[in-house]
There are 2 protein chains.
Amino acid sequence: MPIKSADQVMHKAAWLYYMHGLRQDEVARQLDISRASVALYLRRARESGIVNISTSTSLFTHENLARELEDALGVVSVWIVPEDRLALDPAAEMPVLAAAVFLDLINKGDRIGIAWGKTVYHIADVMPFADLNGITVVQLCGNLGSPYSYRPDQCTTEIARRLNAEGINLYAPLVLSSERLAAELRAEPVIREQLASIPECNFALYSVGGIEEDSHLVKCGALTPAEMAALGRQGAAGVIAGQVIDADGQLMDCAHNRRCISADLDSIRAIPKRMMVVQEDNKYQPLVAAIKGQFASHLIVTSSMGKRLMERFSK
Amino acid sequence: MPIKSADQVMHKAAWLYYMHGLRQDEVARQLDISRASVALYLRRARESGIVNISTSTSLFTHENLARELEDALGVVSVWIVPEDRLALDPAAEMPVLAAAVFLDLINKGDRIGIAWGKTVYHIADVMPFADLNGITVVQLCGNLGSPYSYRPDQCTTEIARRLNAEGINLYAPLVLSSERLAAELRAEPVIREQLASIPECNFALYSVGGIEEDSHLVKCGALTPAEMAALGRQGAAGVIAGQVIDADGQLMDCAHNRRCISADLDSIRAIPKRMMVVQEDNKYQPLVAAIKGQFASHLIVTSSMGKRLMERFSK
DNA sequence: ACGAGTATTTGACTTTTGTCAGCGGCCTCG
DNA sequence: CGAGGCCGCTGACAAAAGTCAAATACTCGT
């Protein structure tokens with residue numbers, strides 16, 4: 001007599017309900033439990049990723065603008081979040097779309113790099129549960145406390161949890177108080193190995209940070225408003241995985257970058273699928289820099305941002 | 001003002017309901033239609049494959065027997081349909097499992113060969129709808145009227161319809177009354193090209209036929225009971241895509257095979273993923289022949305059949 | 001332009017599903 | 001050994017989803 005574990009009952013209930021199309025009361029009779037329990041098991045099955053429900057994202061790629069941007073920017077694929085009045089608020093829509101596209105693009109066995117920011121955290125927050133095998137999720141940049149609770153390690157951990165994947169955190173601060181200490185820490189075997197393994201990723205998920213004086217990096221205390229303003233005057237245009245880039249998407253030669261523990265920008269550029277998600281309209285300049293720097297192969301933006309990019313890059 | 005096509009409304013309703021988790025009445029309010037319409041659109045979205053609901057099939061591979069069979073038979077993967085009293089009737093379970101595994105194994109752009117039989121038709125019958133892109137479904141064997149309505153072209157057409165794939169039928173009878181006519185028909189350009197394209201398939205779905213005097217091939221009138229009995233005495237062991245094979249899984253040298261219009265057995269063997277689904281317990285001998293003939297890389301059987309195979313192949 | 005025929009939409013009703021307080025078993029610790 | 005706490009299951013009720021006949025909006029041919 002095989003002992004039926006709770007997991008097996010859950011799995012079987014999900015199978016009968018979703019695959020055979022039985023009603024909950026029929027499943028209950030079949031498994032000899034109450035219907036209420038069936039409802040409970042079904043919820044757990046969805047939350048554990050045993051059951052997957054997905055919807056085609058073609059709604060967001062079937063716009064002409066998406067096609068035009070793919071050609072003009074030379075990226076693989078673009079998704080456009082519309083802003084007409086029949087649509088939801090883009091702030092709510094974009095993370096959901098990003099999560100759906102993300103799940104669509106990843107495969108068993110992938111190694112996925114996750115960077116840092118409000119956008120990434122929101123994506124993690126709405127990420128459906130899935131039961132992928134052999135996925136590894138690695139953290140692309142060091143840690144930083146945050147006034148919101150969007151710490152880099154949390155993003156990585158949460159996404160790994162939802163995918164039933166292995167999560168690898170980077171146990172180092174994002175930014176150190178001296179260049180010397182940062183260099184020494186980077187040279188530590190445990191950190192060095194982890195940074196060295198980043199080129200093995202085949203997928204990256206991130207946004208691009210702004211360089212205003214109230215940008216995320218400033219709010220989190222990595223830079224003072226004055227330092228950020230100075231960087232801006234020196235030509236800073238955006239932030240990728242905690243590192244400041246110039247208008248051409250190249251790493252700035254500055255003290256902050258030297259004090260930073262994060263994925264090497266060339267390593268990031270070498271990742272085959274680089275999914276960039278940009279929510280805020282004021283990220284235009286940073287996004288232009290990121291695109292020039294080849295940081296996006298898959299891009300998710302609002303229609304208004306898409307139009308501005310089109311004007312900028314179509315000539 | 002963009003004109004909202006019915007398809008777009010359906011797609012958007014599905015998006016809001018399944019991805020954002022809104023209730024039907026909230027979706028209705030958002031899209032300014034009645035809740036009943038939302039329910040209708042959601043059904044259509046599921047039936048058109050815009051929404052995908054799938055359940056992990058690991059329940060059926062987590063048996064020890066499956067592992068052992070994979071080793072003993074040298075096949076890639078085995079799924080076992082249990083027959084304990086908590087389980088559904090295998091006759092109902094197997095097609096559902098086969099359809100789920102099938103959907104799991106195929107990818108965008110695949111070319112899929114479909115053979116013929118009651119089993120395959122039942123699988124087609126419960127196949128979920130999906131919105132795969134660039135899939136082609138080709139018919140592996142000629143047509144034959146049937147006392148049940150399991151004609152080969154129907155299997156192909158139905159599966160293609162459900163996957164939103166292109167279906168390519170073989171417009172020839174499975175069996176002709178003379179060898180000469182069969183040879184001439186095979187030489188016809190339209191038929192020849194189609195048969196020649198079968199090695200381009202990367203996936204095959206079929207079962208194996210029996211050689212009893214009431215087997216499918218006899219019931220459909222392709223062979224008389226006497227002819228089948230004679231073939232049995234000559235060493236026939238099973239039927240693959242309408243063609244009779246011997247106990248080693250090799251093509252029999254017989255009149256029936258020469259009168260047959262179907263995929264070349266070597267072409268079938270060359271297909272990378274060959275998914276064989278066997279429902280009936282009396283298919284033991286034919287299945288052994290099919291396995292010896294390398295016709296299965298992915299196998300779905302009942303636990304009792306699995307045990308018999310294990311006894312046969314473990315030594 | 002008109003009307004027959006077809007497809008879409010809806011309100012009202014029925015069925016199915018989600019929820020949660022409370023019951024009961026079981027394990028732990030005093 | 002018994003009390004306390006935890007976990008899982010269930011019955012009963014509330015909420016949500018499915019269904020269908022009837023109404024309305026389209027389409028196409030004449």
Side-chain angles (χ1 to χ4, degrees), chain A residues 1-56 59 84-88 92 96 126 128-129 161-162, chain B residues 1-56 59 84-88 92 96 125-126 128-129 161-162 164:
Chain A
M1 181 67 200
I3 297 151
K4 283 269 162 189
S5 78
D7 251 29
Q8 272 188 310
V9 176
M10 173 185 76
H11 205 316
K12 186 142 210 172
W15 184 260
L16 293 172
Y17 185 79
Y18 286 107
M19 297 288 102
H20 283 271
L22 301 192
R23 290 192 315 266
Q24 292 187 359
D25 56 346
E26 297 176 304
V27 175
R29 214 172 314 131
Q30 182 85 29
L31 300 181
D32 204 27
I33 52 180
S34 76
R35 201 194 52 74
S37 294
V38 173
L40 178 76
Y41 285 134
L42 292 181
R43 197 228 310 277
R44 284 197 201 149
R46 287 188 299 264
E47 287 177 356
S48 68
I50 282 178
V51 172
N52 262 51
I53 301 180
S54 62
T55 304
S56 154
L59 195 55
D84 52 68
R85 75 207 130 305
L86 260 183
L88 284 180
V96 172
V126 297
F129 294 82
R161 186 176 76 85
R162 302 222 183 181
Chain B
M1 180 67 202
I3 296 153
K4 283 269 162 188
S5 78
D7 252 29
Q8 272 187 309
V9 176
M10 174 185 75
H11 205 315
K12 185 142 209 172
W15 184 261
L16 293 172
Y17 186 78
Y18 286 107
M19 303 313 286
H20 282 272
L22 300 193
R23 291 194 316 265
Q24 291 188 358
D25 57 342
E26 296 176 305
V27 175
R29 215 171 313 131
Q30 182 86 27
L31 300 180
D32 204 27
I33 54 180
S34 75
R35 201 193 53 75
S37 293
V38 173
L40 179 76
Y41 283 134
L42 291 181
R43 198 226 313 277
R44 285 198 200 149
R46 286 187 300 263
E47 288 177 355
S48 69
I50 282 178
V51 173
N52 264 47
I53 301 180
S54 62
T55 304
S56 154
L59 196 55
D84 53 69
R85 76 207 128 308
L86 260 183
L88 282 180
V96 172
D125 213 42
V126 298
F129 293 82
R161 187 176 74 86
R162 302 221 183 182
N164 277 306

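Numbers restart at 1 for each chain; the letters A, B, ... are given by sequence-line order, proteins then strands.
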Measure from CD1 on A:I33 to P on C:dG24 and round the result to the nearest Å. 20 Å
Minimum side-chain heavy-atom gap B:R46-B:F129 below 4.5 Å: no
Within the structure, does a side-chain N or O atom of A:S34 lie under 4.0 Å from either OP1 or OP2 of D:dC9? no
What is the distance, to the nearest angstrom, from the CG atom on B:D25 to the C1' atom on D:dG18? 14 Å
Pairing residues for B:S37 by the side chain to side chain donor-acceptor pair (under 3.5 Å) criterion, not counting sequence neighbours: B:S34
Measure from the side-chain heavy atoms of B:R44 and tell me the nearest of C:dT8, D:dC9, C:dG18. C:dT8
Measure the distance from CD on B:Q24 to P on C:dG18 and round it to the nearest whole Å. 12 Å
Can you tell me if A:Y41 touches the phosphate of D:dG8, counting only side-chain N or O atoms and a distance under 4.0 Å to OP1 or OP2? no
Mind checking whether B:Y41 and B:I33 have side chains closer than 4.5 Å, heavy atoms only? yes
Could you tell me how far apart A:L22 (CG) and C:dT15 (C1') are, to the nearest whole angstrom? 16 Å
Check whether B:R162 reaches the backbone of B:D125 with its side chain - one donor and one acceptor, N or O, closer than 3.5 Å. yes
Send over the distance from B:R23 CZ to C:dT17 P, rounded to a whole Å. 18 Å
Give me the bend of the helix from C:dA1-D:dT30 to C:dG30-D:dC1, using the axes of the five pairs at each end, rounded to 10°. 30°
pair B:W15-A:V96: side-chain heavy atoms closer than 4.5 Å: yes
Here the distance between atom P of C:dA12 and atom CZ of B:R35, to the nearest Å, is 13 Å
Close side-chain approach of B:L16 and B:V38, heavy atoms under 4.5 Å: no
Starting from P on C:dT17, measure out to CZ on A:R43 and report it in whole angstrom. 15 Å
For the pair made of CG in B:L42 and C1' in C:dT10, what is the distance, rounded to whole Å? 16 Å
Okay, side chain of B:D25, backbone of B:R35: is any donor-acceptor separation there less than 3.5 Å? no
Any idea which of C:dG18, D:dG18, C:dT10 is nearest the B:A36 side chain? C:dT10
